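Structure first, then comments.
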Amino acid sequence: MRIAVIGAGAMGGLFAARLAGSGQDVSLIDVAPAQIEAIKANGLRLTGDDGEKTYSLPIGAAERYTGAFDLLIVFTKGMHTEAAMAAARHLIGPQTLALTVQNGIGNVETIEAFIPRERIAMGMTNWPSTLVAPGHIRVPGDGQIRIWAANGVPSPGLQDLCNMLENAGLNCELDPAVEVAIWEKLAFNAALNSLAAATDLTVGEMADRQEARQIVFAILSEALAVAKARGLDVDVERTRQSVEHAFAHHRPHKPSMLQDRLAGRPMEIGTITGAVAREGLRQGVSTPVTAAFANLLSLFERKNV
Ligand code: NAD
């Protein structure tokens, strides 16, 4: 299968490396000169629990490629999905499939402007990956991917896609209730990322402060109430437990929106914090804490980026 991974950062690098390692034909698309030059010069380095491996993969801007790909895996941050898809428009043929397991919501709708919904697979992943330097990613532990058809109608192609991810060691499962998983992760991210990005607190520092816990669980409750209003059978206790698990086991971690803010990069506000507040408005569910954080973070971003 001819695959392009769009966004060759932490997660795109992981998926590309694993798929290439399982024999797939994988090309990387990115726009960051440092990332492109590092991978061209030294290959993509992946440090995992089982040591380090380097993968030699083609990389460049979308314009460097021609012809239709069989599969586009979109792994930019949410605010870059539209520009990335627009630049890759010429690589989409009548059979091209797209996969998004990016965090947040709204990516399917953005991709749908370029590829019809019946050819989009959506889902979520809890694989962890960090870009430690241009061209070098670190993957501590492992994770899973859950996917389903974005139009709700599974096809043989969806099963093939999941098998391919499974064969690459990425642990894929088909999940008709994937929207529940997406929203539980969205609630988790809206809570921990938003507060961390606004306060510079690590996960452990949030865990230790009663005021921080109150805000985290307020955002979590609002997001889950919105999900319930959408008819999703989200599990409040399970999601609270996943936050408590992060509080106990990921103490030094700086959530990605905090990392982005500190580096002066845009944050995934529109597809995470802002997305919960917007969907709350649509569903008639009040989300005062989440909406305040979405506005606050947008103000930070306007000042910093
Ligand atoms: P990242 O910042 O490491 O990588 C994103 C890459 O996209 C960068 O290399 C950037 O240069 C590139 N990019 C930006 N604009 C582009 C464009 N127009 N065209 C092509 N490439 C472009 O981000 P990440 O951590 O890999 O996250 C990607 C997505 O996966 C996000 O939605 C994130 O929330 C989600 N996610 C991340 C993790 C994690 O552990 N890192 C886990 C699960 C989900």
Side-chain angles (χ1 to χ4, degrees), residues 4-18 27-39 44 46 48 57 59-65 72-91 99-108 110-111 114 122-147 170-171 181-182 184-186 188-190 192-194 196-197 203 242 246 250 253-273 275 305:
V5 174
I6 306 181
M11 291 302 286
L14 165 64
F15 274 49
R18 288 288 169 90
S27 301
L28 296 169
I29 295 177
D30 209 292
V31 291
Q35 187 70 351
I36 293 174
E37 291 319 316
I39 293 177
L44 171 68
L46 188 158
L57 298 173
I59 182 163
E63 300 79 57
R64 102 178 257 280
Y65 297 99
L72 303 179
I73 301 181
V74 186
F75 255 137
T76 62
K77 293 270 171 68
M79 59 281 179
H80 297 135
T81 302
E82 186 170 8
M85 289 302 300
R89 200 191 278 269
H90 63 291
L91 306 175
L99 169 68
T100 167
V101 290
Q102 295 156 284
N103 278 332
I105 54 168
N107 289 299
V108 169
T110 304
I111 295 169
F114 303 91
M122 66 175 191
M124 77 106 207
T125 179
N126 59 6
W127 275 95
S129 183
T130 306
L131 189 69
V132 286
H136 182 195
I137 57 175
R138 177 168 298 130
V139 181
D142 58 12
Q144 280 198 328
I145 308 166
R146 289 154 77 170
I147 60 169
L170 287 163
N171 305 331
I182 290 171
E184 288 183 1
K185 189 165 192 218
L186 173 63
F188 175 100
N189 280 327
L192 290 181
N193 269 280
S194 307
V203 171
S242 66
H250 303 156
H253 180 61
K254 287 185 180 163
S256 68
M257 274 164 60
L258 171 56
Q259 292 180 38
D260 284 338
R261 209 206 84 225
L262 293 174
R265 296 188 295 254
M267 297 176 272
E268 287 184 298
I269 306 168
T271 46
I272 297 181
T273 328
V305 175

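Numbering of residues begins at 1 and proceeds along the displayed sequence. Start at 1 and go down the list; that is how both ligands and their atoms are numbered. Given the structure is predicted, the values throughout are model-derived calculations rather than measurements.
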Seminar exercise, completed: Closest heavy-atom pair, A275 versus I105, reported as atoms and distance to 0.1 Å, is CB-CG1, 3.6 Å
Problem set entry | Sub-4.0 Å heavy-atom approach of A87 to ligand 1 | no
Exercise. Atom CG in L99, atom CE in M122: separation rounded to 0.5 Å?
Worked result: 11.5 Å
Seminar exercise, completed: The option among A84, A88, G104, A86 carrying the non-hydrogen atom nearest to atom 19 (N) of ligand 1 is A84
Problem set entry | Nearest non-hydrogen protein atom, atom 29 (C) of ligand 1 | T76 O, 3.6 Å
For this session: Looking only at distances, please establish whether an N/O atom of ligand 1 is found under 3.5 Å from an N/O atom of V101.
Result: no
For this session: Name the closest protein heavy atom to atom 28 (C) of ligand 1, giving the residue it belongs to and the distance to 0.1 Å.
Result: F75 O, 3.4 Å
Problem set entry | atom 2 (O) of ligand 1: nearest protein contact (heavy atom, Å) | K77 NZ, 3.4 Å
For this session: Grab the two heavy atoms, one from F188 and one from A246, that are nearest each other, plus how far apart they are.
Result: CZ-CB, 3.8 Å
Exercise. Out of R265, E268, M11, who gets a non-hydrogen atom closest to atom 31 (C) of ligand 1?
Worked result: E268
Problem set entry | Polar side-chain atom of T125 near backbone of Q144 as donor-acceptor pair, under 3.5 Å | yes
Problem set entry | Distance-minimising heavy-atom pair for P255 and N193 | CB-OD1, 3.4 Å
For this session: Note the single closest protein heavy atom to atom 4 (O) of ligand 1, along with its residue, its atom name and the distance in Å.
Result: G9 CA, 3.3 Å
Seminar exercise, completed: Counting heavy atoms under 4.0 Å, the part of M257 that contacts ligand 1 is neither
Problem set entry | N or O pair under 3.5 Å between D30 and ligand 1 | yes
Problem set entry | S129-ligand 1 polar pair, N/O distance under 3.5 Å | yes
For this session: Start with the C-alpha distance between S256 and E268, add both sets of side-chain angles, then the distance that settles side chain to side chain donor-acceptor pair (under 3.5 Å), and finish with yes or no.
Result: CA-CA 9 Å; S256 68; E268 287 184 298; 4.6 Å; no
Problem set entry | Which of the ligand 1 atoms, numbered from 1, are nearer than 4.0 Å to a heavy atom of P128 | 40 (O)
Exercise. If you measure every N/O of N103 against every N/O of ligand 1, is any gap under 3.5 Å?
Worked result: yes
Exercise. So, do T271 and N103 sit near enough that their side-chain heavy atoms are less than 4.5 Å apart?
Worked result: no
Problem set entry | Residue and atom name of the nearest protein heavy atom (relative to atom 14 (C) of ligand 1), distance in Å to one decimal | H80 ND1, 3.6 Å
Exercise. Which residue and non-hydrogen atom of the protein lie closest to atom 43 (C) of ligand 1, and at what distance in Å?
Worked result: K185 NZ, 3.2 Å
Problem set entry | Test item: H253 and Q259 side chains (from C-beta on) under 4.5 Å apart, heavy atoms | yes
Problem set entry | Over 12 non-hydrogen atoms of neighbours within 6.0 angstrom of NZ in K254 | no
Problem set entry | Reported CG-to-CE distance for the pair N107 and M79, which is rounded to 0.5 angstrom | 10.5 Å
For this session: Among all protein heavy atoms, pick the one closest to atom 42 (C) of ligand 1 and tell me residue, atom and distance.
Result: W127 O, 3.2 Å
For this session: Give yes if a backbone or side-chain nitrogen or oxygen of L131 is under 3.5 Å from a nitrogen or oxygen of ligand 1, and no if not.
Result: no
Problem set entry | Close side-chain approach of I29 and L91, heavy atoms under 4.5 Å | yes
For this session: Check the pair T273 / S194 against side chain to side chain donor-acceptor pair (under 3.5 Å), numbers first and verdict last.
Result: CA-CA 7 Å; T273 328; S194 307; 2.9 Å; yes
Exercise. What atoms in ligand 1 come closer than 4.0 Å to a heavy atom of T125?
Worked result: 43 (C)
Problem set entry | Minimum-distance protein heavy atom relative to atom 16 (C) of ligand 1 | V31 CG2, 3.4 Å
For this session: Just go through S256, A10, P266 and tell me whose heavy atom is the nearest to atom 1 (P) of ligand 1.
Result: A10
